[in-house]
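Note sheet for the following structure.
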Amino acid sequence: MINSENITQYIKDTAVHGDIYTDEEIFKQEMTSIFEKTWVYVGHESEIANSGDYKTTVIGTHPLIVTRDSDTDEVHVVFNRCRHRAATVCQQEKGNANYFRCAYHGWTYSNNGDLTGMPFQDGYGEEFDRCKMGLIKVPRVGIYQGFIFASLSEEGPTLEEHLGNARPYIDYVVNTCPEGISLNAGAHKYRFDGNWKLQVENTIDPYHLSVTHRSFFNLMSKKTGKKINFSKMHKNEKIRDLGNGHSLYELDGDLGIGALPFNLIVFPNLGFLGSQVRVTWPVSVNKTNVFLYPIMLKGASVEENAARLRKHEGFYGPAGFGTVDDLEVGFDRVMEGLNAKGKDGEWLEISRGLEREEVDEKGIITATSSDEVSARALYKAWKKLMTADDSNVETRGKKHEPTVGRP
Amino acid sequence: MSQLLVDRKQIEEFLIDEAAYLDEGKFSEWLDLFTEDSFYWIPSNQDDIDPNTHVSIIYDDKNRLEERVWRLQSGLAYGQEPKSRTRHLVTNVKVLHCEEDKVIVTSNFILVELRRSIQTIYSGRLEHHLKQTDTTWKIASKKVELINNNEFLGNLSFLF
Ligand code: FES
Ligand SMILES: [Fe+2]
């Protein structure tokens, strides 16, 4: 039984327990304590640019629709679940519609979620209030620089507070181009049989570059005649713990992977790296879906954007020269190895560089780029949320020990 | 219907030989089938996209295709460790268009891949643009329209 007391046993400052990647109870609690509590990225405004545009997405395991109101242009995020008998009302990945009509018994909702009609109006009693039978809206929606986030929790930090020190880097991404950016070039979609946190950790893990991706960098040296000195590179580059689980990897020059000069993780499951926005969807404890959206520059020439796409495809995606090696080594082999549970052998190290961390006046923790600052940042936020509140476990009818507060 | 200048059988043989190179791991020989200005293309999300404005799963010019094969043969391509075993079945071969020395041929394929003890079936439509040289046909472009190109895909480090 997982609760706020014993969850702390899985996380040390220097290591995490292997069960956090394989235990179904822990996964369930991540969905309630993290994904239903914090802000989760659900889409970019460019994906629903016009009135009536919509896209479907999920938070944790909840199917949602993100819509742009046909009348007001306001962005709504509603649960994709008919108020009659629960059928999803929208099946498409994206599209444009003024109404969502449930194909089961025909209840019809406008794209702001309001119930507008149903076949055969009679048959409901006086207490049945049509106005209250619209698609349920998620409690909070926030937009930062075109990036749409939603929170299934009515309370908690504002989106701005949550993004905190990550904001200037999101600003940087948006300001790559005077006319802004657009995620309108489709997406790479891949899945792996492993835990979602492996993909998030892997988003900032420069320590593995020279090993897992040696073939890619050998290829680069073959092309450019220049060899990357990784030991020197790691000394020059920084990783920063930006707080709230977010972290940043500042590259020292171009690795040939993409246009951004940094990798950014926005807790819990959004990333910016290469020339892409990366979104990680936990499906189950050992199944994860990933989207990579190439970032297109508005107003840039077709050639310039095409060159960004080619560079992106060169390393990323289900057939990219880099991603496939991460899938095998970083996910498949890790999930396999986690089954070996020798005494005292169930911990995964995250201690590298702990001794050489520096903290600035804003509280940003920095060490060099082969250090595991990013993983430590992730698990600090993970532990904080996972131990914050057990009320969800309670409402699901499970017995649990009373919370004694944070350790 | 225009008079076919080529023998469909002959083109079909070519596709079968191409598939055999892939299944037998003869990647250098496979690479040699491509012209210097060729493309090897797997669209992402849908079959008909403009690769200049929409991301592809693979959009290799000859140069990148050489790099792809070089990487696979480098001994460091972990995505192929263990290696995929594959069998390509090429069927429904149809010559769509035919000029003196150019042919557009479409076919359906089933590709069975085995890796890490997991057997996966891929299927779709192929569109080859072939060019006749003095002695043989060459691939000017190969487009692979996967029926699951908008699904969440696994490790596609093998060759289609
Ligand atoms: S379930 Fe939607 S109308 Fe009945
Ligand atoms: Fe990697």
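In the text below, chain A, chain B and the rest are named by the order of the sequence lines, each starting its count at 1.
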task: With a 4.5 Å cut-off on heavy-atom pairs, point out which of Val329(A), Asn184(A), Leu292(A), Asn289(A) contacts chain B the most.
output: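 Of the options given, most contacts go to Asn289(A).
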- request: Just give me the residue among Tyr190(A), Phe216(A), Phe192(A) that pairs up with chain B most often, heavy atom to heavy atom, under 4.5 Å.
  value: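 Of Tyr190(A), Phe216(A), Phe192(A), Tyr190(A) has the most heavy-atom pairs under 4.5 Å with chain B.
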task: In plain terms, say whether Glu67(B) and Lys222(A) are close enough for a salt bridge, that is, a side-chain N and a carboxylate O under 4.0 Å apart.
output: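 The answer is no: the pair does not qualify as a salt bridge.
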query: Which residue out of Arg116(B), Glu81(B), Gln46(B) racks up the most heavy-atom pairs below 4.5 Å with chain A?
result: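 Answer, by heavy-atom pair count under 4.5 Å with chain A: Arg116(B).
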Segment of [X] engaging chain B (4.5 angstrom heavy-atom cut-off):
{"X": "Val211(A)", "answer": "backbone"}
{"X": "Glu303(A)", "answer": "neither"}
{"X": "Pro318(A)", "answer": "both"}
{"X": "Leu219(A)", "answer": "both"}
{"X": "Arg333(A)", "answer": "both"}
{"X": "His213(A)", "answer": "neither"}

- request: Select one option (side chain, backbone, both, neither) describing which atoms of Ser74(B) are under 4.5 Å from chain A's heavy atoms.
  value: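 Ser74(B) touches chain A through side-chain heavy atoms alone.
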message: Which atoms of Asp60(B) are under 4.5 Å from chain A, going by heavy atoms: the side chain, the backbone, both sets, or neither?
response: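 For Asp60(B), no heavy atom lies under 4.5 Å from chain A.
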Looking at [Y], is its backbone amide N or carbonyl O close enough to the side chain of [X] to form a donor-acceptor pair, meaning the two atoms are under 3.5 Å apart?
{"X": "Arg68(B)", "Y": "Ala319(A)", "value": "yes"}
{"X": "Asn45(B)", "Y": "Ala187(A)", "value": "yes"}
{"X": "Asn155(B)", "Y": "Leu327(A)", "value": "no"}
{"X": "Glu313(A)", "Y": "Ile58(B)", "value": "no"}
{"X": "His188(A)", "Y": "Ser56(B)", "value": "yes"}
{"X": "Arg64(B)", "Y": "Arg310(A)", "value": "yes"}
{"X": "Arg71(B)", "Y": "Phe321(A)", "value": "yes"}

Neighbour count above 12 (heavy atom, 6.0 Å) for [X] [atom1]:
{"X": "Glu66(B)", "atom1": "CD", "value": "yes"}
{"X": "Glu349(A)", "atom1": "CD", "value": "yes"}
{"X": "Phe160(B)", "atom1": "CZ", "value": "yes"}
{"X": "Lys341(A)", "atom1": "NZ", "value": "yes"}

- prompt: Is the Phe152(B) ring parallel, tilted or perpendicular to the Trp281(A) ring (thresholds 30°, 60°)?
  reply: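 Judged by the thresholds at 30° and 60°, the geometry between Phe152(B) and Trp281(A) is tilted.
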query: If we only count heavy atoms from C-beta on, is the Asn218(A) to Leu76(B) side-chain gap below 4.5 Å?
result: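 They are in side-chain contact.
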query: Under a 4.5 Å cut-off applied to non-hydrogen side-chain atoms, are Arg115(B) and Glu328(A) in contact?
result: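 Contact flag for Arg115(B)/Glu328(A) side chains = yes.
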query: side-chain contact (heavy atoms from CB on, under 4.5 Å) between Asn52(B) and Leu309(A): does it pass, once the steps are laid out?
result: CA-CA 8 Å; Asn52(B) 289 320; Leu309(A) 290 171; 6.0 Å; no
message: With salt bridge (Lys or Arg N to Asp or Glu O under 4.0 Å) as the rule and sequence neighbours excluded, what pairs involving residues 182-208 of chain A come up?
response: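 Residue pairs passing salt bridge (Lys or Arg N to Asp or Glu O under 4.0 Å), neighbours aside: Glu30(A)-Lys197(A), Glu93(A)-Lys189(A), Asp193(A)-Lys287(A).
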task: Go through the structure and list residues passing side chain to side chain donor-acceptor pair (under 3.5 Å) with Lys62(B), not counting sequence neighbours.
output: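 Side chain to side chain donor-acceptor pair (under 3.5 Å) list for Lys62(B), sorted by chain: Glu36(B).
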field: CA sep, side-chain torsions, deciding dist, call: Asp325(A), Gln80(B), side-chain contact (heavy atoms from CB on, under 4.5 Å)
entry: CA-CA 8 Å; Asp325(A) 294 344; Gln80(B) 274 297 298; over 6 Å; no
